[in-house]
Colleague: 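Sharing a structure, written as structure tokens. Questions coming.
Letters A, B, ... are given to chains in the order of the sequence lines, protein chains preceding strands, and every chain is numbered from 1. No experiment lies behind these values; they were computed from the predicted model shown.
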2 protein chains.
Amino acid sequence: MISLSSLSRTPIYQQIIEQILAQIACGALVPDQQLPGVRNLANDLGINPNTVVKAYTELEMNGYIYSLQGKGSFVKKRDGDNNLVSIKLEEVEKDLNILYQLGIQKSRIEEILNRVFSGGHHE
Amino acid sequence: MISLSSLSRTPIYQQIIEQILAQIACGALVPDQQLPGVRNLANDLGINPNTVVKAYTELEMNGYIYSLQGKGSFVKKRDGDNNLVSIKLEEVEKDLNILYQLGIQKSRIEEILNRVFSGGHHE
DNA sequence: TTAAATGTACTACTATAATAGTACAGTAGT
DNA sequence: ACTACTGTACTATTATAGTAGTACATTTAA
């Protein structure tokens, strides 16, 4: 369900976050569906439970899941923008500003934008 | 010429890089112009020379400046894409993919793009 | 009440990033 | 040759991020 790449230098907890986000986005995980327990997932991945906790905590702070002590962690219903969207938008804007300062052509960005947003499996 | 914000949690050497890049981009620094020496700049900013070295080294690796031992560091003529541009383009593409996965509307990005690239003081 | 699941909290270890200290080496002018 | 400037190289210190260890608290079902 979730697989780690030890070759990658992106942190374990980040890899978990990204994969869960992807599964929520593509519908593999639906609202109120229970996520694997922190110990189960940690055992499956051969890591420390607290690393999973870190991933879950961040997902919760960003409004993607909710956790109930003693019960488990579950997928949350989306309600408009959440923190992650805001953060990523800010990141993109910051990078675009730098690229603009570096004198890159606007069309270069538009090409990327069109390519990414024609992936097809949305709307 | 360069000012640091100790409030900001972006590293000192990064702040130096960004400000020099900005000055190159806006024409305040022109090709073959000499940059302040590592010790001078370090003294002005009240930091360690090696922190300036780190900034200069990274700028050199990315093709923005060149350094000659005993002579100084100088602004380099641009020749198409360099590492920084490539890196930032990759970062943007990665973030855009995430935003796409999060279900954001393409128009939201286009708004940002238009705003950033209408800053005016370029072309 | 007991047991087994769950999430939580706190501490500790480790690796890496950021900065600083000090010594070295090349260049230019005197 | 000497001096004063330049960048360079290497080591040391410090802060922070990432991960792990261990104990705690809640829920649910037997």
Side-chain angles (χ1 to χ4, degrees), chain A residues 1-20 29 31-76 84 87 91, chain B residues 1-21 29 32-76 84 87 91:
Chain A
M1 192 175 187
I2 285 185
S3 62
L4 298 181
S5 159
S6 49
L7 304 138
S8 169
R9 47 249 154 275
T10 68
I12 299 176
Y13 79 98
Q14 270 288 354
Q15 297 187 39
I16 296 174
I17 289 174
E18 288 169 10
Q19 295 189 40
I20 290 183
L29 289 173
D32 294 319
Q33 180 172 347
Q34 183 162 9
L35 295 166
V38 290
R39 288 171 189 76
N40 287 342
L41 185 51
N43 285 340
D44 288 355
L45 299 176
I47 61 175
N48 188 288
N50 263 330
T51 304
V52 178
V53 168
K54 182 161 190 173
Y56 280 17
T57 301
E58 192 157 317
L59 284 168
E60 186 170 23
M61 288 193 307
N62 287 325
Y64 287 101
I65 70 175
Y66 60 95
S67 297
L68 303 176
Q69 182 158 332
K71 303 188 74 171
S73 299
F74 307 85
V75 177
K76 198 170 171 182
L84 221 193
I87 290 170
E91 268 183 46
Chain B
M1 192 179 189
I2 285 185
S3 62
L4 298 181
S5 159
S6 49
L7 304 139
S8 169
R9 48 250 155 275
T10 68
I12 299 176
Y13 80 98
Q14 269 288 353
Q15 297 187 40
I16 296 174
I17 290 174
E18 288 170 11
Q19 296 190 39
I20 291 184
L21 281 180
L29 290 172
D32 294 319
Q33 179 172 349
Q34 183 162 8
L35 295 167
V38 290
R39 288 173 189 74
N40 288 341
L41 185 50
N43 285 341
D44 288 355
L45 300 176
I47 61 175
N48 189 288
N50 263 329
T51 304
V52 178
V53 168
K54 181 162 188 174
Y56 280 16
T57 302
E58 192 157 317
L59 283 168
E60 186 170 25
M61 289 194 306
N62 287 325
Y64 287 101
I65 71 175
Y66 60 95
S67 296
L68 302 175
Q69 182 157 332
K71 305 190 74 173
S73 299
F74 308 85
V75 177
K76 197 170 172 184
L84 220 192
I87 290 171
E91 267 184 46

Colleague: In residues 9-17 of chain B, which residues come under 4.0 Å of DNA chain D by heavy atom?
Modeller: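 Those residues: none at all.
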Colleague: Taking OH from B:Tyr66 and P from D:dT6, how many angstroms apart are they, rounded to a whole number?
Modeller: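 It is 16 Å, rounded to the nearest whole Å.
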Colleague: So, OP1 or OP2 of D:dA20: does either fall under 4.0 Å of a side-chain N or O from A:Thr51?
Modeller: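 Answer yes for this pair, as a side-chain N or O of A:Thr51 is under 4.0 Å from OP1 or OP2.
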Colleague: What stems show up for DNA chain D when you take Watson-Crick pairs (N1-N3 plus N6-O4 or O6-N4) and G-U wobbles (N1-O2, O6-N3), both under 3.5 Å, and require three or more consecutive pairs?
Modeller: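 Only these stems qualify: C:1-30 with D:1-30.
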Colleague: Any side-chain N or O of A:Ser73 less than 4.0 Å from the OP1 or OP2 oxygen of C:dG7?
Modeller: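 Yes, A:Ser73 has a side-chain N/O under 4.0 Å of OP1/OP2 on C:dG7.
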Colleague: Any chance you could measure B:Asn62, atom CG, to B:Lys76, atom NZ, to the nearest 0.5 Å?
Modeller: 10.5 Å
Colleague: What one-letter contact string describes nucleotides 22-30 of chain C from 5' to 3', where B marks a base within less than 4.0 Å of any protein heavy atom, S marks contact via sugar-phosphate atoms alone, and - marks no contact?
Modeller: B--BBSS--
Colleague: To the nearest 0.5 Å, how far apart are CG in B:Leu4 and CD1 in B:Ile2?
Modeller: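 Nearest 0.5 Å value for the CG-CD1 distance: 7.5 Å.
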Colleague: Run the side-chain donor-acceptor check on residues 35-46 of chain B: report pairs under 3.5 Å with partners two or more places apart or on a different chain.
Modeller:
unit_1: B:Asn43; atom_1: ND2; unit_2: B:Arg39; atom_2: O; d: 3.4

Colleague: Report the distance from atom NZ of A:Lys54 to atom P of C:dG7, rounded to the nearest whole Å.
Modeller: 18 Å
Colleague: Are OP1 or OP2 of C:dT6 and a side-chain N or O of A:Asn40 less than 4.0 angstrom apart?
Modeller: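 Yes, because at least one side-chain N or O of A:Asn40 sits under 4.0 Å from OP1 or OP2 of C:dT6.
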Colleague: Using atom CG of B:Asn43 as one end and atom P of D:dG7 as the other, report the distance to the nearest whole Å.
Modeller: 12 Å
Colleague: For A:Glu91, which residues count as a side chain to side chain contact (heavy atoms under 4.5 Å, CB included) partner, sequence neighbours excluded?
Modeller: A:Ile87, A:Lys88, B:Asp95
Colleague: Please tabulate, one pair per line, all N/O donor-acceptor pairs under 3.5 Å involving side-chain atoms of residues 14-21 of chain B, not counting sequence neighbours.
Modeller:
unit_1: B:Gln15; atom_1: OE1; unit_2: B:Ser5; atom_2: N; d: 2.9
unit_1: B:Gln15; atom_1: NE2; unit_2: B:Ser5; atom_2: O; d: 3.1
unit_1: B:Gln15; atom_1: NE2; unit_2: B:Thr10; atom_2: O; d: 2.9
unit_1: B:Gln19; atom_1: OE1; unit_2: B:Ser3; atom_2: N; d: 3.0
unit_1: B:Gln19; atom_1: NE2; unit_2: B:Ser3; atom_2: O; d: 2.5

